[in-house]
J.: 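Structure below; questions to follow.
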Amino acid sequence: AALEKLLGIYFLARICLDLFDFKPGTSMSYLLMILGSATILFAVMMALIQKDYKRLLSYHAVSQVGYMILGIGTALPVGIVGGLFHMINHAMYKSCLFYTGGAVERQAGTTDLKKLGGLGRRMPVTFTCFVITAAAISGVPPLNGFFSKELIFDGALESGTVFYIVATLGAFLTAISFLKLGHAAFLGSPTKATEHVKEAPWPMLVPMIVLAFGCVLFGVYNPLPLKYLIQPVLGARLAGISFAGLPQNWLLVGISLAVLLLAFLDHLYGSRKTKSGLGAADHIHYAPVLSTVYGWAELRYFDIYHVGAYAIKGMSNVALLINKGIDWFYDKFIVWLVSTVSRGISKAHNGSQALYLGWVLAGVVIVIVLFMVSI
């Protein structure tokens, strides 16, 4: 799943940057930024209400693709570098997060968050890898996701305040989602499904540890991916600018840290109110106005797979009607028409010489008339 997202964004970048005169402020740039912003917001809203470990991760995979599209869509060097860097980071931390979900499912027998709890003490290595990668996807410094998001935020703000606000709101909801997920699955009291759980076997832990270490390495030493993997392929488009090292816009960093702190305080409020990590976001879910929007989300109005399935079904029905219409036209109407004309012609050929001579004269008259009209 992570490779699929990586290839899709790679092809998007190649098509936009190599096949088109892709510049900031163009219609193509705004189209991509609108699509990216909508993807961020709708997918993270779907993720926030999930009660299943892997379904929550799946919707966040869609949401993070929105950040990549938004970054590339800015057509600015800082945004493009951020989008491509986020593409690499996403493949790392999301793969590790799915590995932790797989380990939990293998050891506990379920990914239903209502049945999980207290796994942090029983699966400490898995829990540690989850914390690192969940912090990375949420944009916590100094991990890799923090640096790629800051570059995207910078490009989004230069392209339009509304795009930056949507991206920041997405980061806020992402942090809340993973605080809920981590609290529900790894903290709290053990349940019947988790009271006898043990740590996952080492063949499952090694990939997690490697990927979690990569998230730390690509954050603390971000010149490694930026200088040697991303910036060289963009060449002259960067005009000699390097984005490796610490972020250039510390105001945006301060806002991002404030958003993360706000998400943490919100989680504390929600978990104390409901006395449950799983219900920590319920006050957002059922807030005025938002409850209606989340009602639409629960009805899967924002679920691109669900909506797409209905769209495909509708297209299939239309295509079936067209196919039946074509079959009726050729198999029934044309057969009836030919049969009727044939019977008419057959009746007209009655052997009368005078009738045949009349047809010839009528044909001559028609030819003469057509000739005169064409002159």
Side-chain angles (χ1 to χ4, degrees), residues 1-6 8-9 34-71 83 86-87 89-102 104-105 110-114 116 130 133-139 145 148-149 152 166-186 259 263 266-267 270 277-282 284-286 290-311:
L3 179 62
E4 176 191 359
K5 306 298 185 299
L6 188 148
I9 297 302
I34 291 171
L35 288 174
S37 299
T39 302
I40 291 171
L41 195 56
F42 291 161
V44 79
M45 287 175 65
M46 288 298 296
L48 189 64
I49 65 173
Q50 298 306 312
K51 306 297 184 181
D52 182 87
Y53 196 123
K54 293 199 289 187
R55 281 182 64 84
L56 187 148
L57 294 181
S58 298
Y59 281 109
H60 272 296
V62 179
S63 177
Q64 295 303 303
V65 169
Y67 281 103
M68 304 172 212
I69 297 174
L70 175 61
H86 205 65
M87 173 187 73
N89 293 338
H90 174 78
M92 296 172 64
Y93 56 60
K94 186 49 64 72
S95 294
C96 186
L97 285 167
F98 271 112
Y99 277 140
T100 64
V104 168
E105 184 175 23
T110 182
T111 55
D112 186 348
L113 295 178
K114 297 177 182 178
L116 297 176
F130 170 83
T133 50
I137 193 175
S138 300
S148 57
K149 277 190 175 181
I152 294 172
V166 171
T168 305
L169 178 60
F172 174 72
L173 295 176
T174 297
I176 291 177
S177 296
F178 279 96
L179 286 167
K180 180 186 84 169
L181 174 59
H183 191 162
F186 293 98
V259 167
D266 179 87
H267 177 76
L278 186 59
D282 285 354
I284 298 177
H285 187 167
Y286 300 110
L290 286 179
S291 61
T292 302
V293 178
Y294 278 113
W296 294 340
E298 288 181 315
L299 292 173
R300 304 180 72 179
Y301 291 164
F302 303 140
D303 186 342
I304 57 175
Y305 301 107
H306 185 68
V307 175
Y310 273 102

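Throughout, residue positions are numbered sequentially from 1 according to the sequence presented.
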J.: Below 4.5 Å, heavy atoms only, C-beta onward: do Val166 and Leu70 meet side chain to side chain?
T.: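 No, every pair of side-chain atoms sits at 4.5 Å or beyond.
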J.: With a 4.5 Å cut-off on side-chain heavy atoms, are Val62 and Phe42 touching?
T.: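 Contact flag for Phe42/Val62 side chains = no.
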J.: Scan Ile40, Val44, Val259, Leu41 and name whichever one has a side chain to side chain contact (heavy atoms under 4.5 Å, CB included) with Leu169.
T.: Leu41
J.: Side-chain contact test, heavy atoms from C-beta onward, threshold under 4.5 Å: evaluate it for Leu181 versus Leu57 and give yes or no.
T.: yes
J.: Would you call the rings of His60 and Phe178 parallel, tilted or perpendicular if under 30° counts as parallel and over 60° as perpendicular?
T.: tilted
J.: Do the non-hydrogen side-chain atoms of Thr110 and Glu105 ever get within less than 4.5 Å of each other?
T.: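 Not in contact.
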J.: Would you find more than 12 non-hydrogen atoms of other residues, nucleotides or ligands less than 6.0 Å from Tyr99 atom OH?
T.: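 No - once you tally the heavy atoms of other residues, nucleotides and ligands closer than 6.0 Å, there are 12 at most.
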J.: Could you check whether any side-chain heavy atom of Gln64 comes within less than 4.5 Å of a side-chain heavy atom of Lys149, counting everything from C-beta outward?
T.: yes
J.: Can you name the residues that form a salt bridge (charged side-chain N to carboxylate O under 4.0 Å, His left out) with Lys114, not counting sequence neighbours?
T.: none
J.: A side-chain contact here means heavy atoms from C-beta on lying under 4.5 Å apart; do His90 and Tyr67 qualify?
T.: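 Contact flag for His90/Tyr67 side chains = no.
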J.: Could you tell me whether a side-chain N or O of Lys180 sits under 3.5 Å from a main-chain N or O of Lys51, the two making a donor and an acceptor?
T.: no
J.: Could you tell me whether a side-chain N or O of Thr133 sits under 3.5 Å from a main-chain N or O of Phe130, the two making a donor and an acceptor?
T.: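 It does hold such a pair.
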J.: Hydrogens and angles aside, do Thr100 and Tyr53 bring a side-chain donor and acceptor to less than 3.5 Å of each other?
T.: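 Yes, Tyr53 and Thr100 have a side-chain donor paired with an acceptor closer than 3.5 Å.
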J.: Ignoring hydrogens and geometry, is there a side-chain-to-backbone donor-acceptor pair from Lys54 to Gly101 under 3.5 Å?
T.: no
